[in-house]
Amino acid sequence: MPIITYREAINQAMAQEMRRDPLVVVMGEDVAGGSGGSAGGEEAAGGVMGVTQGLATEFGRERVIDTPITESAIMGMGAGAALTGLRPIAELMFADFIGVCFDQIYNQAAKFRYMFGGKAVTPLTIKTLIGAGMGAGPQHSQAIYPWLSSVPGLKVVTPSNPYDAKGLMIQAIRDDDPVIFCEHKSLLAMEGEVPEESYTIDFGKAAKTREGSDLTIVSMSWMVNFCNEAADQLAGEDFSVEVIDLRTTSPIDYETVYESVRKTGRLLVVDEATPICSMASEISSAVAENVFESLDAPIRKVTAPHTPVPAAPMLEALYIPDTAKIAAAVRETLEYEL
Amino acid sequence: MPIITYREAINQAMAQEMRRDPLVVVMGEDVAGGSGGSAGGEEAAGGVMGVTQGLATEFGRERVIDTPITESAIMGMGAGAALTGLRPIAELMFADFIGVCFDQIYNQAAKFRYMFGGKAVTPLTIKTLIGAGMGAGPQHSQAIYPWLSSVPGLKVVTPSNPYDAKGLMIQAIRDDDPVIFCEHKSLLAMEGEVPEESYTIDFGKAAKTREGSDLTIVSMSWMVNFCNEAADQLAGEDFSVEVIDLRTTSPIDYETVYESVRKTGRLLVVDEATPICSMASEISSAVAENVFESLDAPIRKVTAPHTPVPAAPMLEALYIPDTAKIAAAVRETLEYEL
Amino acid sequence: MQLSREELLSAYTRMRTIREFEERLNVEFQKGTVPGFIHLYSGQEGIAVGICEHLDEDRDYIGSTHRGHGHCIAKGVDVKGMMAEIYAKSTGVCGGKGGSMHIADLDKGMLGANAIVGGAPPLALGAALTAKTLKTGGVSVPFIGDGAANQGTVAEAMNMACVLNLPMVFMFENNGYAEFTAASYATAGSIEARAKAYGMPGTTVAGDDFFAVHEAAREAIDRARNGGGPSVIEATAYRFHGHFSGDPQVYRSAEELKSVREDHDVLNNFRDRVTEAALLDQQELDAIDAEVLTLMDEAVAEAMAAPDPMPEDLFTDVYNTYQ
Amino acid sequence: MQLSREELLSAYTRMRTIREFEERLNVEFQKGTVPGFIHLYSGQEGIAVGICEHLDEDRDYIGSTHRGHGHCIAKGVDVKGMMAEIYAKSTGVCGGKGGSMHIADLDKGMLGANAIVGGAPPLALGAALTAKTLKTGGVSVPFIGDGAANQGTVAEAMNMACVLNLPMVFMFENNGYAEFTAASYATAGSIEARAKAYGMPGTTVAGDDFFAVHEAAREAIDRARNGGGPSVIEATAYRFHGHFSGDPQVYRSAEELKSVREDHDVLNNFRDRVTEAALLDQQELDAIDAEVLTLMDEAVAEAMAAPDPMPEDLFTDVYNTYQ
Ligand SMILES: Cc1ncc(C[n+]2csc(CCOP(=O)(O)OP(=O)(O)O)c2C)c(N)n1
Ligand SMILES: Cc1ncc(C[n+]2csc(CCOP(=O)(O)OP(=O)(O)O)c2C)c(N)n1
Ligand SMILES: [Mg+2]
Ligand SMILES: [Mg+2]
């Protein structure tokens, strides 16, 4: 199977869907890039991170639309186009920028179907960059999927690897609900095997990335990779750790989590987001409510601290949950005796 | 002690602080009301719900400032004024509108202190209306404090009664960090004893509104009143229920919660917000991590469903957690045997 | 341009329907039978109808505001379904889940009333983009109040429409107030000048003159439909009621309130114009008035008699898939 | 108006300092010693300095952008502290927690660079409100790019400033590009016309002409200081580098890149003007250049040698009270 990057996997997914369905359009700041420039703009920049590279060349600037820096207008245009027959992919360059346009997402797109009595369909995909790891500072590094996941009507996708990124992006585009597709900026260059042909991954179906029997780790996005590393390390210490990658934080595959905890009796939730009202809180509380009797130890959470993301790379490294912190929390939880 | 409404308590708090400190100013849409109108604008409307009634008359329109309908400009003006020496109260009429101005709150005001290396002080109070109960529909009824509480740098206040509303508002105004003061619209007319003199209530200090030994309920804002009712009802059934009113959802008084659960061994968290990544999730997960060994039963959550707030009052009534739902959850939790 | 008899009758019927819908609601609201809040459109009928008479049901879209009943009726949304929606009944156009501020009917090209000031213009961009992309010849018209004019989303939408040359007409209704605050206080400069600053044509018309709005709308909509891009119309408008039904309006003088109703009633103006020109006669107009009143009696009676939503409706329609 | 020798020397030193700060950073960034992203201000020095030479440290405020180094230096933020901040060191003006896009120094009236496009203008309203309320005579100046000009927050701030008659100057820097997209594509109409549409004075000046900016700024700032309210200046600006250090700029022609540096260098223009007019001589200007280069050597060396933040700094400064 071809080995490509996470960035290329997302790009491939969009290109394949655009070939298949003329209703798919892409819009956002510099998604083509170079519009109006003195070089003539033939060479598309393809997005600030190169994720939309080549789409403008293949599909033309009527379907790959550079916009002004007006995120409310971009998100609203995407939502309105979705409501009236297109299947738009609207880019919010960095997820941190959502503060200037969240209304169009949470009060508009996400609520149409419900508040219009089931008569509206809003097949909007919002693609956006999340997360820390690039020294990009407090306003360009946040992992905001927890509060996005709290919004009824919105689906939230958090792929941890190139294979999932492709299948989940195709599903997002075909999905009839508004979806926020969270690309982790620290994963863009990650390589993995990705089939050339088109495929989808269902939302709300978690993946077991490691099988184990002593403890369950639940995570999503970038963090899954650290969890896998920790599980592999701990396997060397004879601990059998199961890792569950939620893949989508809305819908949440609670059942797979419950089943695993019923087996292992111990749970650690790892989340790059700040701790309060995080996905870690959510998963932990669901288990504490629904499979309490299976628990043999306190439910641990490893998250970022309740602070902004510091710019200094050295502080940022301390901010981000990593393999060592995860492994330490696993050990502690395994040592716990009722 | 005088008996006044929640609305009047907040009004009194602002008036007393404005008398005490000339740096306190109020800004927002119709906070005075009537600016430029053909009646001459002498009669202040005093806010869409009358909470700022009389302030323009007493303090003048230089300190009680009607603004255009531009929430980013209002919140930013408040944050910038706070950064440069004033102590502004900026009104976001309904909390639901936060989607058009959240950037100025979460990326700007809340992060200044941290990202400027501790050298900035932002004593901004944002007052806003939250919650359901008035048939105001999906874009005017949301309880959004969970995601606000997830933002490092922001404090979130959720008073459940007139006494707390006054003391917490005065504290909010005097506090040197940005604070969102959430007025529950269904509480505005609630009456209670409120001292005439000025007083503050510390942030992060929960109140025990009912003492009990069999089960702990943790809640905030409007919901506390239903929890108290449920506790009183259940007392008649010989169940001893403790009710903890968080008062502020950031900072959270975890210690008071833990202490209570150590005593009762059973926990129910009641939250008007939608369930995913709610305060209910947060409190539950904190207990499941930190006082696990004291738990005798699964931790229950009673929240709104994962849906928008429906407009129809009859559906809205089903949406809102109420005394009956709370009492039922308490009974179930008390019946649970390990 | 001269309207046909049929067109005149249609426009009058629509305007009268809006007026009586609102006046009846106001009465019912005072009685306490209507849930939530309602914002009445009385006085501004000429604007919604002046625009919408040019619009097709299937390819043209409008985006609306919290004060949306008039826009909905003008665009052809079923009056009884609207009444039932406002009464929060299962027979309402949104099954009772939306209410007054969220009436939508995509089949009629109505993108929804909107309880967020400035919420609709970005959405209207999307309808215009669909029209442009699919070459339907459709036009998209957001309605915008004088207060909403200042919201950043509106400026963003105006710029985007110009940049992408979208088929749109930004229809500003300047009724002088945003809630209790006057436009003269809160809306700096001029809306027409704002249009021109983005490089769009902009024009100002009297909103109490149906014919003036209708003519300006024709030009703007034709331009948009023919690839000429977006433009702005600002109509001076006259809000007969308070911001919401029940608003005591302490900020407005008695003279203003009187003059608004006596000197700026678009329906009276219309009647005078068409009867003086002998295009229509009083009797046929009176007959329409009577029919409309009967329709309102029926609409209210049916809405009140209609069943509530079912309890399980609380949980449906959040997603297409996944509950 | 004629500048004194001292003023000319001060302006030149500031502009040269900005230029060398940026050029040195660009070199260091290519070497890989600088963390994060950096957006360089080279070519636009005349704008920041032309404005800030009129501003006081204590009562006047500026709001900045992602491309903020020049604004900071012009407003008097310590160059070594800035360099250390960009190098993410504990000696940085924000202790390393802010980085290039968040340099702030409230003691110098610098409200912060801002990584959110359009983030600063609403904040600048607040500084102006403080000045108005406390009657300090202060003025508040947000810097705004041609791309940022379209962000809704900017429109909102312009309207609010007019409504409240705030002491402000909206300083637009039109360098022709927002990232890789041209202003001619994305910024409809004209910025000057937008100012006028809100009822404010607006003027356009050549940003490569320090004297033109300085003169326009004097008038606008005087007006604001004297209660005359807000106004807009748009300066045509010339971005020497890509959007960020390392941007290959495939969207710009070679001719444009050449012309920007050869025909529009504000420092060359300034030198030519003052030497031709015999106000300053080449030697004294060369001496400044040399001093500035030495300062940059020191700043980089000190920044590189400075200690990292302490691990516990991660957790501090979130709140004034409550950890
Ligand atoms: C974002 C937002 N801000 C504030 C409000 C509250 N609000 C509802 S209507 C209104 C006034 C709108 O005025 P205008 O746009 O002139 O419309 P009109 O009511 O005159 O039709 C306000 C402030 C809101 N619904 N949404
Ligand atoms: C809200 C927001 N949207 C997008 C971006 C990404 N971004 C950073 S700088 C920039 C271009 C800004 O262009 P302009 O305002 O002209 O300033 P210049 O870079 O030319 O100085 C963009 C799109 C951002 N930081 N914030
Ligand atoms: Mg109005
Ligand atoms: Mg630019």
Side-chain angles (χ1 to χ4, degrees), chain A residues 22-23 25 27 35-36 61-63 65-86 88 90 100-101 103-104 107-124 152-155 175-178 202-204 248 250-252, chain C residues 59 61 63 85 90 92-99 101-107 109 111-112 114-116 118-134 136 138 140 151-153 155-164 166 309 313 316-323:
Chain A
L23 297 175
V25 298
M27 57 188 77
S35 291
R61 292 192 179 235
E62 296 275 305
R63 287 182 68 195
I65 304 165
D66 276 340
T67 66
I69 309 172
T70 50
E71 284 81 5
S72 286
I74 300 168
M75 294 300 125
M77 185 160 76
L83 210 49
T84 54
L86 297 182
V100 299
C101 62
D103 184 71
Q104 291 294 328
N107 269 334
Q108 312 293 343
K111 290 189 173 56
F112 287 152
R113 184 165 170 76
Y114 192 84
M115 72 186 177
F116 298 165
K119 287 178 203 146
V121 179
T122 314
L124 168 67
L154 204 59
K155 294 175 178 172
D175 201 276
D176 276 338
D177 293 309
D202 281 352
F203 290 169
T248 60
S250 176
I252 299 172
Chain C
R59 61 177 178 164
Y61 286 90
E85 184 60 33
S90 63
V93 284
C94 304
K97 284 166 159 179
M101 288 198 287
H102 301 287
I103 296 175
D105 190 342
L106 290 157
D107 295 336
L111 294 167
N114 209 308
I116 301 298
L123 301 170
L125 292 170
L129 184 71
T130 298
K132 185 184 170 199
T133 306
L134 303 183
T136 64
S140 173
Q151 190 66 279
T153 52
E156 293 190 8
M158 286 167 74
N159 184 62
M160 180 79 87
C162 290
V163 167
L164 300 182
L166 294 175
D313 292 344
T316 57
D317 303 326
V318 184
Y319 299 97
N320 286 285
T321 56
Y322 161 61
Q323 290 307 321

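- For A:K111, there are no salt bridge (Lys or Arg N to Asp or Glu O under 4.0 Å) partners two or more places apart in sequence or in a different chain.
- Inter-residue side-chain proximity for A:Q104 and C:I116 is flagged as unmet; no heavy-atom pair is nearer than 4.5 Å.
- Partner of C:T133 under the side chain to side chain contact (heavy atoms under 4.5 Å, CB included) criterion, out of A:L23, A:V25, A:I65: A:V25 alone.
- Rounding to the nearest 0.5 angstrom, the gap separating the NZ atom in A:K155 from the CG atom in C:N320 is 7.0 Å.
- Only the backbone of A:D66 comes within contact range of chain C, with heavy atoms under 4.5 Å apart.
- The part of A:D103 that comes within reach of chain C is its side chain, from C-beta onward, which places non-hydrogen atoms under 4.5 angstrom from that chain.
- Of the listed residues (C:D107, C:L125, C:L164), the one with the most heavy-atom contacts under 4.5 Å to chain A is C:L125.
- The contact between A:F112 and chain C is made entirely by side chain atoms (from C-beta outward), counting heavy-atom distances below 4.5 Å.
- Across all non-hydrogen atoms, the minimal contact from A:Y114 to C:V318 is CD1-CG2, 3.7 Å.
- Side-chain contact between A:L86 and C:L134: present, with at least one pair of heavy atoms (C-beta onward) separated by less than 4.5 Å.
- Chain A forms more heavy-atom pairs under 4.5 Å with one residue of C:D105, C:V93, C:T130 than with any other, namely C:T130.
- Scanning both residues, C:Y319 and A:D177, for their nearest heavy atoms gives CB-OD2, 3.5 Å.
- A:K119 is not listed as a side-chain neighbour of C:L106, based on a closest heavy-atom distance of 4.5 Å or more.
- Heavy-atom pairs under 4.5 Å with chain A peak, among C:A127, C:G95, C:A161, at C:A127.
- Note that the CG atom of C:L111 and the OG1 atom of A:T84 stand 7.0 Å from one another [nearest 0.5 Å].
- Only the side chain of C:N114 has a heavy atom closer than 4.5 Å to any heavy atom of chain A.
- With respect to chain C, the highest number of heavy-atom pairs below 4.5 Å among A:G153, A:P88, A:C101, A:G118 belongs to A:G153.
- Expressed to the nearest 0.5 Å, how far CD1 of C:I103 lies from CZ of A:F116 amounts to 10.5 Å.
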Which donor-acceptor pairs under 3.5 Å do the side chains of residues 68-82 of chain A make with protein atoms, sequence neighbours left out?
{"from": "A:E71", "atom 1": "OE1", "to": "D:Q151", "atom 2": "NE2", "distance (Å)": "2.9"}
{"from": "A:S72", "atom 1": "OG", "to": "A:V100", "atom 2": "O", "distance (Å)": "2.7"}

